[in-house]
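Take a look at the structure below.
Just so it is clear, the values below take in all heavy atoms, side chains as well, and ignore hydrogens, waters and symmetry mates. Start at 1 with the first residue, then count along the sequence.
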Amino acid sequence: MKKRFFFYCFFLSFVFLVQSFQCESPELTTAKLAIRNRDLDKAELNLEKEIRNNPANAEAYILLAEVKQMKYDFLGAAKTINSSDSVIKDIRLRFQAEQFKGQLWRLAYNSGIDLFNRYFGTKDSKFLDSAISVFKAGVLVRPQIYDFYPLIAQAYEIKGDTVNAIKYYEIYIQMIKEEIDFARTFGVYLKMPREDLIAKIGKPIYTRGIRFSPDRDSIAIDKFVFDGKEAFVYSSDKVGFFTIFGWRVNPPKHWPSDEKEQPTELNSTPFAALAQIYFNRKDYENSVKYIKDLLLLEPDNVEANAFLVNIYQLENKQNEAINFAKSLVEQNPQNKLYHAIYADILLQLGLYDSAIVEYERALEIDPKFDIVIRNCAVAYKNKVAEIQKRQMEANKLNEKEYIGDLEKSAQYFERAKATPRFSTDFELYKDLAEIYFVLNKQQELKRTIAEMEALDALVKDEDRENYLLALLKVYSSFLKDETKTKAVQDRLENLKK
């Protein structure tokens with residue numbers, strides 16, 4: 001919650017509004033004097049009287065909105081200034097009202113962020129309620145500032161109000177429809193190098209650079225026009241070159257240039273949140289829809305791609321899962337995670353040779369990729385089991401056909417065992433012991449069992465039964481030790497008491 005909107009220097013209309021007292025009602029005169037004296041309650045009371053007595057007094061509305069803002073009643077300020085729209089006839093007052101709205105939405109945003117941070121620091125839900133109210137004030141005066149909607153949704157989601165969370169996430173997505181269409185049309189995505197965009201769509205009409213403070217990133221604002229619509233693209237220099245973090249398409253024509261150019265981050269969180277909410281409801285169709293929209297903005301989002309593959313598998317859409325994972329690998333051949341995702345699907349489908357190819361490609365990219373090392377060991381072991389089953393059914397036993405794959409499996413299990421992640425995985429030790437038993441490597445078998453026994457003191461209580469069952473299998477089937485087998489059986493019986 002560090003992002004804030006910064007204020008440009010406004011020549012505040014408020015100063016002028018409180019200076020003139022000629023030909024005014026007593027209520028308005030009293031209110032202006034009260035404002036000068038910082039008696040805001042008195043000013044508010046008299047301005048409300050003035051509006052009741054003279055509902056066409058646009059100046060009173062603007063002053064009352066200013067007073068409410070100074071009292072931190074942002075929602076009241078927003079409602080009051082919006083009420084002035086129908087009564088303002090004077091061009092000067094219209095400008096002042098719009099100027100105030102431009103200030104109010106920024107104040108509301110920054111104040112709402114502060115309240116959010118106070119909630120995260122205290123976990124007191126009153127700060128969430130206040131943040132929602134303040135953000136809604138921003139929405140009232142600038143409904144096209146789409147930053148407010150996901151923040152309101154997030155606050156509701158934290159409060160456990162999923163209905164309102166979905167409502168505001170979906171409002172946000174509807175609000176950025178033109179930005180999404182822009183992404184589809186021109187292939188723009190978050191973190192895209194700015195130069196790549198310019199190479200695709202041509203030079204901007206103009207570029208403006210800003211830097212709010214010496215310790216902040218430089219920001220480039222590029223303006224384009226397509227089919228008569230303005231598009232502002234925002235990039236920051238975070239990694240030695242400018243990358244895109246947002247864009248705004250077709251902002252309201254009456255907005256001043258500073259608001260159109262206001263650097264605004266395009267937020268992908270609502271897509272991820274909705275995908276997760278619908279996934280939890282087992283509404284996979286909607287979940288997939290939002291994941292795909294998320295991937296439009298973040299095509300290299302590994303978690304989102306893995307999530308999509310997972311849903312396809314849950315729906316038994318194996319072809320879709322395979323084709324999607326394969327396309328990820330083809331588009332990103334140096335991404336180890338995409339090779340791993342593709343391999344996992346192939347492993348689950350029993351396509352062991354193909355799975356092994358993808359696992360080993362991932363390991364060429366990262367030889368220390370621990371989960372892939374273990375899964376590759378499993379793929380080789382399962383391949384051997386399949387060969388053995390086929391041989392037994394045909395009554396044609398031939399150890400030479402699978403011995404090399406079994407030794408490969410042992411090598412990968414040994415590598416996995418040496419990683420911090422799997423050094424205490426007793427199921428791994430059991431699998432490795434089985435391989436050494438089949439290979440008739442007694443020295444390696446005894447060493448592996450001794451290492452497995454040494455895990456006893458490290459096993460969690462909730463895993464104790466499974467650990468003892470794994471030992472029972474090793475002692476009875478591979479070590480053939482009746483004494484140790486009986487001792488483990490006794491421990492299992494005692495565990496059940």
Judged by modelled atom types alone, do [X] and [Y] share a side-chain donor-acceptor pair under 3.5 Å?
{"X": "Tyr290", "Y": "Glu170", "result": "yes"}
{"X": "Tyr168", "Y": "Glu157", "result": "no"}
{"X": "Asp344", "Y": "Gln348", "result": "no"}

Counting neighbours of [atom1] on [X] that are heavy atoms of other residues, nucleotides or ligands and sit closer than 6.0 Å, is the number greater than 12?
{"X": "Arg118", "atom1": "CZ", "result": "no"}
{"X": "Lys260", "atom1": "NZ", "result": "yes"}
{"X": "Glu285", "atom1": "CD", "result": "no"}
{"X": "Lys368", "atom1": "NZ", "result": "no"}
{"X": "Asn280", "atom1": "CG", "result": "yes"}

Heavy atoms only: give me the nearest [X]-[Y] pair and the separation to one decimal.
{"X": "Ala340", "Y": "Tyr359", "result": "O-CE2, 4.2 Å"}
{"X": "Pro251", "Y": "Phe232", "result": "CG-CE1, 3.9 Å"}
{"X": "Ala433", "Y": "Ile449", "result": "CB-CG1, 4.4 Å"}
{"X": "Leu428", "Y": "Phe422", "result": "CD1-CB, 3.9 Å"}
{"X": "Phe242", "Y": "Ser218", "result": "CE2-O, 3.5 Å"}

Whether Trp105 and Phe148 hold their rings parallel, tilted or perpendicular, with breakpoints at 30° and 60°: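 Perpendicular: the ring planes of Trp105 and Phe148 meet at over 60°.
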Parallel, tilted or perpendicular: rings of Tyr312 and Phe324 (30°, 60°):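 If you compare the ring of Phe324 with that of Tyr312, the planes turn out perpendicular.
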Sidechain-backbone polar pair: [X] side chain, [Y] backbone, donor-acceptor under 3.5 Å:
{"X": "Glu265", "Y": "Gly246", "value": "no"}
{"X": "His339", "Y": "Pro333", "value": "yes"}
{"X": "Tyr467", "Y": "Met452", "value": "yes"}
{"X": "Asp366", "Y": "Ala362", "value": "no"}
{"X": "Asn323", "Y": "Asn319", "value": "yes"}
{"X": "Ser287", "Y": "Asp283", "value": "no"}
{"X": "Thr243", "Y": "Met192", "value": "no"}
{"X": "Thr419", "Y": "Ala416", "value": "yes"}
{"X": "Thr269", "Y": "Asn267", "value": "no"}
{"X": "Ser409", "Y": "Asp405", "value": "no"}

Taking C-beta and beyond as the side chain, do [X] and [Y] meet within less than 4.5 Å on heavy atoms?
{"X": "Glu298", "Y": "Glu303", "result": "no"}
{"X": "Ile435", "Y": "Thr448", "result": "no"}
{"X": "Val372", "Y": "Lys336", "result": "no"}
{"X": "Arg491", "Y": "Leu495", "result": "no"}
{"X": "Ile113", "Y": "Leu151", "result": "yes"}
{"X": "Phe245", "Y": "Pro263", "result": "yes"}
{"X": "Tyr436", "Y": "Leu406", "result": "no"}
{"X": "Val288", "Y": "Lys317", "result": "no"}

Thinking salt bridges, do [X] and [Y] make one under a 4.0 Å N-O criterion?
{"X": "Lys229", "Y": "Asp181", "answer": "no"}
{"X": "Arg390", "Y": "Glu393", "answer": "no"}
{"X": "Glu386", "Y": "Lys389", "answer": "no"}
{"X": "Lys396", "Y": "Glu401", "answer": "no"}
{"X": "Arg194", "Y": "Asp237", "answer": "no"}
{"X": "Asp490", "Y": "Lys486", "answer": "yes"}

Is it the case that the ring center of [Y] lies less than 6.0 angstrom away from the ring center of [X]?
{"X": "Phe307", "Y": "Phe279", "answer": "yes"}
{"X": "Tyr169", "Y": "Tyr149", "answer": "no"}
{"X": "Phe120", "Y": "Phe116", "answer": "yes"}

Pair Glu453-Tyr475, side chain to side chain donor-acceptor pair (under 3.5 Å): steps then yes or no: CA-CA 11 Å; Glu453 290 170 336; Tyr475 290 153; 2.4 Å; yes
Geometric cation-pi criterion Arg248 and Tyr146, 6.0 Å radius, 45° cone: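 Yes; both conditions hold, so Arg248 lies above the ring face of Tyr146.
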Working for salt bridge (Lys or Arg N to Asp or Glu O under 4.0 Å), residues Asp431 and Lys473: CA-CA 10 Å; Asp431 288 339; Lys473 174 70 173 178; over 6 Å; no
Steps toward side-chain contact (heavy atoms from CB on, under 4.5 Å) verdict (Gln442, Leu445): CA-CA 5 Å; Gln442 292 300 312; Leu445 172 63; 3.9 Å; yes
Worked check of salt bridge (Lys or Arg N to Asp or Glu O under 4.0 Å) between Glu434 and Lys430: CA-CA 6 Å; Glu434 182 181 6; Lys430 184 188 75 172; over 6 Å; no
Salt bridge (Lys or Arg N to Asp or Glu O under 4.0 Å) evaluation trace for Glu358 with Arg361: CA-CA 5 Å; Glu358 294 303 321; Arg361 284 177 178 164; 3.1 Å; yes
Audit row: Phe226, Phe186, ring-ring contact (aromatic ring centres under 6.0 Å, His included) steps and yes/no: CA-CA 11 Å; Phe226 301 100; Phe186 297 105; 4.6 Å; yes
Contacts of type side chain to side chain contact (heavy atoms under 4.5 Å, CB included), residue Leu337, not counting sequence neighbours: Val302, Asn335, Phe369
side-chain contact (heavy atoms from CB on, under 4.5 Å) evaluation trace for Asp258 with Gln262: CA-CA 6 Å; Asp258 64 91; Gln262 175 71 57; 5.9 Å; no
